There are 2 protein chains.
Amino acid sequence: MEKKEEELVGVKEIARLAKVSIATVDRVLHNRTGVSVKTKEKIQQIIKELNYQPNIVARTLASRKKLRFAVIIPAVSLETAFWQAPLNGIVQAESAFRQYGIVVEKFLFDQNDRKSFIEQAKLLLRKEFDGVLLAPMFVEESIQFVGQCQLRLIPVVNINSDLPGQDGLAYIGPDLYQSGYLSAHLISYLVKPDESILLVNISRELDNDHHLMRKEEGFRAYWQKKKAVNEIIKTDIQQTDLPAIKKQLSKHLKNSSIRAVFVTNSRVAAVAKVLEELERTDLLLIGFDFLEDSIAYLKKGVIDFLICQKPQEQGYLGMKALYDKLVLHQEIQKNQFMPIDIITRENYVFYNN
Amino acid sequence: MEKKEEELVGVKEIARLAKVSIATVDRVLHNRTGVSVKTKEKIQQIIKELNYQPNIVARTLASRKKLRFAVIIPAVSLETAFWQAPLNGIVQAESAFRQYGIVVEKFLFDQNDRKSFIEQAKLLLRKEFDGVLLAPMFVEESIQFVGQCQLRLIPVVNINSDLPGQDGLAYIGPDLYQSGYLSAHLISYLVKPDESILLVNISRELDNDHHLMRKEEGFRAYWQKKKAVNEIIKTDIQQTDLPAIKKQLSKHLKNSSIRAVFVTNSRVAAVAKVLEELERTDLLLIGFDFLEDSIAYLKKGVIDFLICQKPQEQGYLGMKALYDKLVLHQEIQKNQFMPIDIITRENYVFYNN
DNA sequence: CCTATATTCGGGTACGTACACGAAAATTTA
DNA sequence: TAAATTTTCGTGTACGTACCCGAATATAGG
């Protein structure tokens, strides 16, 4: 017996019941000064009784103040187009929220160059913002940056990669550990006990390894839990150019027991290219992210699975979290883990990102 | 060299430039009568030049007219909780759009009883609505219903299952054929050439079979394309109670070549229960939808994969399509296929529905 | 050319909230 | 107790658009 049809009441009605003016109700709503304790309590009582919900439409129309959001994420690079997707989500949110008085400014850094991050962060802090969306690629620097924001009381939302210690307002992105765990599970279906698995980390900056290491942990945890006997061979490739990758891979691939290759990030396309050149497309290949290059190899059957975590949605939801917090004054969820999507040759067409 | 910072102009500015009043501009914007051709053209010209975007916030505040949406979908039944999810999405949209003057009324029918659908449809048509969200479970009746709506110029959005001939404004749901195709692909990884596959359709009403048949088509198409030699054994189960299912399944399971069981809808939980009772959990089991019962069997390892297509999002997006069309006057996409999500024991926790 | 009717247009108010400004009441100070 | 302050509160306008009502203008009819 819930009451469904709550009468839509406004400040006017509250004012009438409390025998005060609209302005006084408004003061209580925004708890500004200038209201005696007695009337304040009376009004709050009525607000609660009526279960008053402010009219957001009228509120945004009347409120002329602009909210300024800053976005600090890696620029799209030639090496990987990954950050295009979150950026798209951010732009989408931007145009959706423009009507509500949100202004967005973007600070893009080079994910291979921590100095460029420091620089952009400094630029950002020089201006005034009400909220920040951050992709914390460089752990140390990001923690410092978040500290600065907290001093200024600016809420920070992290996307794509969490920050050890979890400082910000919220994190929106993959559960990295589980991503690795799931990859192992998938592979377990496809390899026999005597076959081994090559785990490949490709990254220039060691700091990104927070990302990769969490995935690797999850990956190993699976085999451990299952008490599987498969050998896991690991290789770190710090030179991200193709010849270097080829050289290092072909060395390992001499080991004929290897049946599957697991690449811990979006560089799987490069590995696919190498495998193709080496005529080893018989191997199972699993990697991350929905990138054009990777999809091409998925189509050809060189890559078998891609694991993807809605990068565009990460961008959109990150912005929405700031909006919900700062405009609607809602409590927002601390961790918003993205679903773990498995992309195959058959379903990639329907993966909207 | 795009211009990014379009000055936010309003009707007032347009009126000033055209040397007319705001009301006249308003008439042109809504192409109401009472404006001479000459001034109308002049105003339209200016509107185009300024790339005027109406302020939705102010518009919804000023416009007192309520839009009425009707929803006609199956009720949640004891047999399957599937429709709870789309309903949740719809309720979510309802509360999100309430502020914008949207009123929703729901008409729930029994998906095992076509008469109840006809009845609810009749009730619906007796009232006045601006838009309809429909789950076309009964093909014939739904086509007729959509025809009635079109006569009344009411846009209809279909969810979860499309209508052959595609009458409505839009379809939001799975690409059924591809879902079947993908299932086949998944299974192909897991069976050897000499092993066969049991395809199980469980449904009381033949009409739902539009749904199931499309999936089956896709499923078969895969094997055909791959020229696989695996035998596919099909069984239709029209009595949906457990004993009946058990009887029919155990008959087939005597065939020892069967390695995998593919259930074409959410009834996979019932099959899982049967397999457990028959102590045949060694078989690979694949089915559809993220339901509590199914998840339990997924956890236990009885079910290996579930294919899921964001039922809650279907409900939400269906409502949003109506909103976009009727409030924002946007063109909306004719087909919005849901991604094909593959749920395993490892990632189900992160599937937010 | 004058009235009658149709056409074209502008003024003004409303939607629900935010906020500036100033008035009234309560309190302190002299 | 009057004046000076502080506290408390109400009036009024604005946000950008929708739409009612009536005024001005154009067209038709005699």
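Here is the naming used below: chain letters follow the sequence lines, and residue numbers restart at 1 for every chain. Bear in mind that the values here come from a model prediction, so they are computed numbers and not experimental data.
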Presence of salt bridge, A/Glu128 and A/Arg68, under 4.0 angstrom: no

What parts of residues 61-69 of chain A reach DNA chain D, counting only heavy atoms under 4.0 Å away? A/Leu61, A/Ala62, A/Arg64

Would you call B/Glu119 and B/Lys122 a salt bridge, using N to O less than 4.0 angstrom? no

When rounded to the nearest 0.5 angstrom, what is the spacing between CZ in A/Phe107 and CG in A/Leu124? 4.0 Å

Which is more 5' along DNA chain C, the nucleotide nearest A/Arg59 or the one nearest B/Lys19? Just name the residue. B/Lys19

From NZ of A/Lys12 over to C1' of D/dG12, roughly how many Å is that when rounded to an integer? 14 Å

Give a yes-or-no answer on whether the side chains of A/Gln314 and A/Gln336 include a donor-acceptor pair shorter than 3.5 Å. no

With a 4.0 Å cut-off on heavy atoms, is B/Asn55 in touch with a base, just the backbone sugar-phosphate, or nothing at all? sugar-phosphate

Select base, sugar-phosphate, or nothing to describe what A/Val20 touches, counting heavy atoms under 4.0 Å on all strands. sugar-phosphate

Is any side-chain N of the basic residue among B/Lys106 and B/Glu94 closer than 4.0 Å to the acidic one's carboxylate O? yes

Any Lys/Arg nitrogen of A/Lys66 or A/Asp130 sitting under 4.0 Å from an Asp/Glu carboxylate oxygen of the other? no

Is the ring pair B/Tyr351/B/Phe290 parallel, tilted or perpendicular, if the boundaries are 30 and 60 degrees? tilted

To the side chain of A/Ser21, which of D/dG10, D/dA18, D/dT17 is closest? D/dG10

B/Gln309 to B/Pro339 - nearest heavy-atom pair and separation: NE2-O, 3.3 Å

One pair to check against side chain to side chain contact (heavy atoms under 4.5 Å, CB included): A/Leu67 and A/Val103. What are the steps and the verdict? CA-CA 6 Å; A/Leu67 281 183; A/Val103 181; over 6 Å; no

Leading and trailing nucleotides of DNA chain C with any atom under 4.0 Å from heavy atoms of chain A: C/dG16 to C/dC21

Of B/Ala23 and B/Thr33, the one whose nearest nucleotide on DNA chain C sits closer to the 5' end is B/Thr33

Residue-phosphate contact under 4.0 Å: B/Arg27 side-chain N/O, D/dC19 OP1/OP2: no

Between B/Ile22 (CD1) and D/dA18 (P), how many Å, whole number? 11 Å

Listed in order of residue number, which residues of residues 34-44 of chain A have a non-hydrogen atom at under 4.0 Å from DNA chain C? none

Validation row: A/Val76, A/Leu108 side chains within 4.5 angstrom (heavy atoms): no

From B/Phe145 CZ over to B/Phe138 CZ, what is the distance, rounded to the nearest 0.5 angstrom? 13.5 Å

